[in-house]
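Quantities reported herein were computed from a predicted structural model and do not represent experimental measurements.
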Amino acid sequence: MKKLLFPLFSTLFLFLILYLPNTFAQYSTQFSLPEGAKARFGKGTINQIQYSPDGTRFAVAGSIGIWLYDTATYKEIALLTGHTENVNCIAFSPDGNTLASGSADKSVRLWDVKTGKHKRTLTGHLHGIYSIAFNPNGRTLIGGSTGERGGSEIFGAQVLMWDTATGKHIRTLTAQGQVNSLAFSPDGKTFASGEGWPGYIVQLWDADTGKQLHTLAGHTDWINSVSFGPDKETVVSASSDNTIRVWDVDTGKLKRTLTGHTHSVRSLAFRAKDHTFASGGWDNIRLWDAAAGKQARVLTDTGQNISITYSPNGEMLASASSDNIIRVWDVATRTNNHTLTGFTDPVNSLAFNSKKNIIVSGGGIIFVWDVESKTLKHTLIGHDRDISSVVFSPDGSTLASGSYESSIRLWDVVTGKLKQTLTQDSGSVSSLTYNPEGSTLASGSYASVHLWNVVTGKHILTLHGHEEQVNSVAFSPDGKMIASGGKATYNGEDNFGNKAIHLWDVGTGNLKLTLPGNMGEINSVAFSPDGKILAGGCHIVWSEEMDAILLWDVATGEQQLIFKGHAGSVKSVAFSPDGSTLASGSADNTIRLWDVETGKHIWTFKGHIGDVNSVTFNADGRTLVSGSSDGTILLWNIATADGAK
């Protein structure tokens, strides 16, 4: 019997290894990771949502790609990446086999829905693409783009048509404004383009010849969405002027104007089984009887609505809101059946608490992530404006967050509860830093630095000396000094009247030193672990613009090295725990590692689809964490760079 059991257990073990998914790989934090990355937190921002024609898939276009969900469980099954900028729009082919995506990178990509593989890239647009649509037989795809403003006109706004089988360009049509929405009539003979500034019009086009049929004028603000009714005789437009207009396709005349929304109307969706359509606005979702022109009911959404879509059978309506949540509603009962979360605001700042393995990111909402369990622990809501800076206290128990509304909030890391609020007299909070003991908090503001007693909540001192915005503040490792970096005052002829970095004596509040160098604007400052070196990430202005990292000797104030290589403004700098390596995040979407002693470039991490606004090392220096305006945090394996040395 024992001889039989061993082969049985061996076979079962082999089956588990080969066929059951790894627990680590089940998390969406692992989907489509770039080279060198270990995990991703946050799914990025949401731009558009869409059901597949058979209703089995649900797609979300966002800042880092396209997320695909299985509608049986509403669990993530894939992340399609390849675009180099925001994915603004998506469309399923009528047979459901192909998904098209339009991006700010000026391209349309076609994907195989079953495999997730990239099939073809369609090019030709001069500017970013904001809307795409298949014709009813799926053989033609149209894409609409923005243009370039010139005075009171816009140039380069286009609608391009492609053959989906060959990828060949068919024709180019000139739009009068940014094309925010495209839709084909049910018979495929006509399509509509909803356009923005300066005309705020809907144009109807002959799909076979490209001839303009009608210009529908009357809206007083951007057209955000257009959709044909199932009878092919009606086209509906939604606008930022808070109204919906119903037009006659044959004559181009206005049939009626629907009011009720109190804010911008962003999205439209017709229900397949009847003449009902839904409108998503920045106030709520409204359901309308298209034939009667009357409002049927309201679905109350908690955020400003971005995009809505009906399931093919018309029983479910999905809505994406500015609160980063997608809700799936039962239309008959008006109940929220499913909620898709994990989508995030642009990351302006992040902090890594290695003691508790927690990452915090700040955008419009503060997200608190548990690294070990790969779960979202808390969302901290309370600031009225975007969060500019987040930082942990040295003992890891408190999180401080600064906002553009001039307030600082202190949160309990374990419970997520607000402990106290500190309010500046004026000016937004641009940066925060704790002293090593955790008793004092420094905040950067316009032309000044403020010191706070975090135990009592009282304001201690204001440091004056800057003449422009202070972008970054940092305590020295011994807590005796504060470095503040900001924008230098430009007096012309390559002359900066006020240098960008100041060093302050914490005990007296006196200015110790102003660091030399024709710097322009300092975005980030960081002391080395031994306190001997100060690094500044900046946008340098000499006779020409340059983006670099500058290093100074703190004792003498002398400039030591300049690290050049980034192709965009350096947003953030951080030293490794041993002080040998410096990491820099940039507006060129990359993170670079540098040898502090030699100034040699070691490695470049690529994978973000937006500015890298914040970088930090974990306590052992083996992991680098980066936060981006694409709404995501990436954890990078430093061993990748070590292997290249």
Practice task
Using distance alone, with no hydrogens and no angle criterion, decide if Ser145 and His127 have a side-chain donor and acceptor under 3.5 Å apart.
Solution key: no
Handout entry: Any donor-acceptor N/O pair, Glu195 side chain to Gly177 backbone, under 3.5 Å
Key = yes
Problem - Note: Asp323-Arg327 ion pair, threshold 4.0 Å (strictly below) - result: yes
Exercise for the section: Would you please classify the geometry between the Trp636 ring and the His608 ring as parallel, tilted or perpendicular, with 30° and 60° separating the classes? Expected result: perpendicular
Problem - Polar contact flag, side-chain donor to acceptor under 3.5 angstrom, Asp588-His566 - result: yes
Fill in the blank from the handout: CG of Asn180 to SG of Cys89, rounded to nearest 0.5 Å, is 10.0 Å
Handout entry: Short side-chain donor-acceptor distance under 3.5 Å, Thr604 and His601
Key = yes
Problem - Residues His261 and Ser279: side-chain donor-acceptor under 3.5 angstrom - result: yes
Problem - From Ile365 atom CD1 to Leu380 atom CG, the distance as rounded to the nearest 0.5 Å - result: 10.0 Å
Handout entry: Residues which pass side chain to side chain donor-acceptor pair (under 3.5 Å) with Asn613, listed by chain and number, not counting sequence neighbours
Key = none
Exercise for the section: Classify the side-chain pair Ser569/Asn523 by whether it contains a donor and acceptor separated by less than 3.5 Å. Expected result: yes
Handout entry: Contact check, side chains of Ser193 and Trp205, non-hydrogen atoms, under 4.5 Å
Key = yes
Handout entry: Arg286 side chain vs Ala278 backbone, donor-acceptor pair below 3.5 Å
Key = no
Practice task
Run the salt-bridge test on Lys43 and Glu76 with the 4.0 Å N-O cut-off and return the result as yes or no.
Solution key: yes
Handout entry: Short side-chain to backbone donor-acceptor contact, Asn135 and Gly188, under 3.5 Å
Key = no
Practice task
Using the six-membered ring wherever Trp is involved, compare the ring planes of Tyr74 and Tyr51 and label them parallel, tilted or perpendicular (cut-offs 30° and 60°).
Solution key: perpendicular
Problem - Aromatic plane relationship, Phe58 with Tyr69 - under 30° parallel, 30 to 60° tilted, over 60° perpendicular - result: perpendicular
Exercise for the section: Determine the interplanar angle of the Phe367 and Trp369 rings, folded into 0 to 90°, and report it as parallel if under 30°, tilted if 30 to 60°, perpendicular if over 60°. Expected result: parallel
Practice task
Please tell me if the side chains of Ile358 and Val368 come closer than 4.5 Å, counting only heavy atoms from C-beta onward.
Solution key: yes
Practice task
Could I get the full list of ring pair (Phe, Tyr, Trp, His ring centres under 6.0 Å) partners for His169, not counting sequence neighbours?
Solution key: none
Problem - Of all pairs that satisfy ring-ring contact (aromatic ring centres under 6.0 Å, His included), the ones with a partner from residues 75-119, not counting sequence neighbours - result: Trp111-His118
Exercise for the section: Determine whether Ile285 and Leu317 make a side-chain contact, defined as any pair of heavy atoms from C-beta on separated by less than 4.5 Å. Expected result: yes
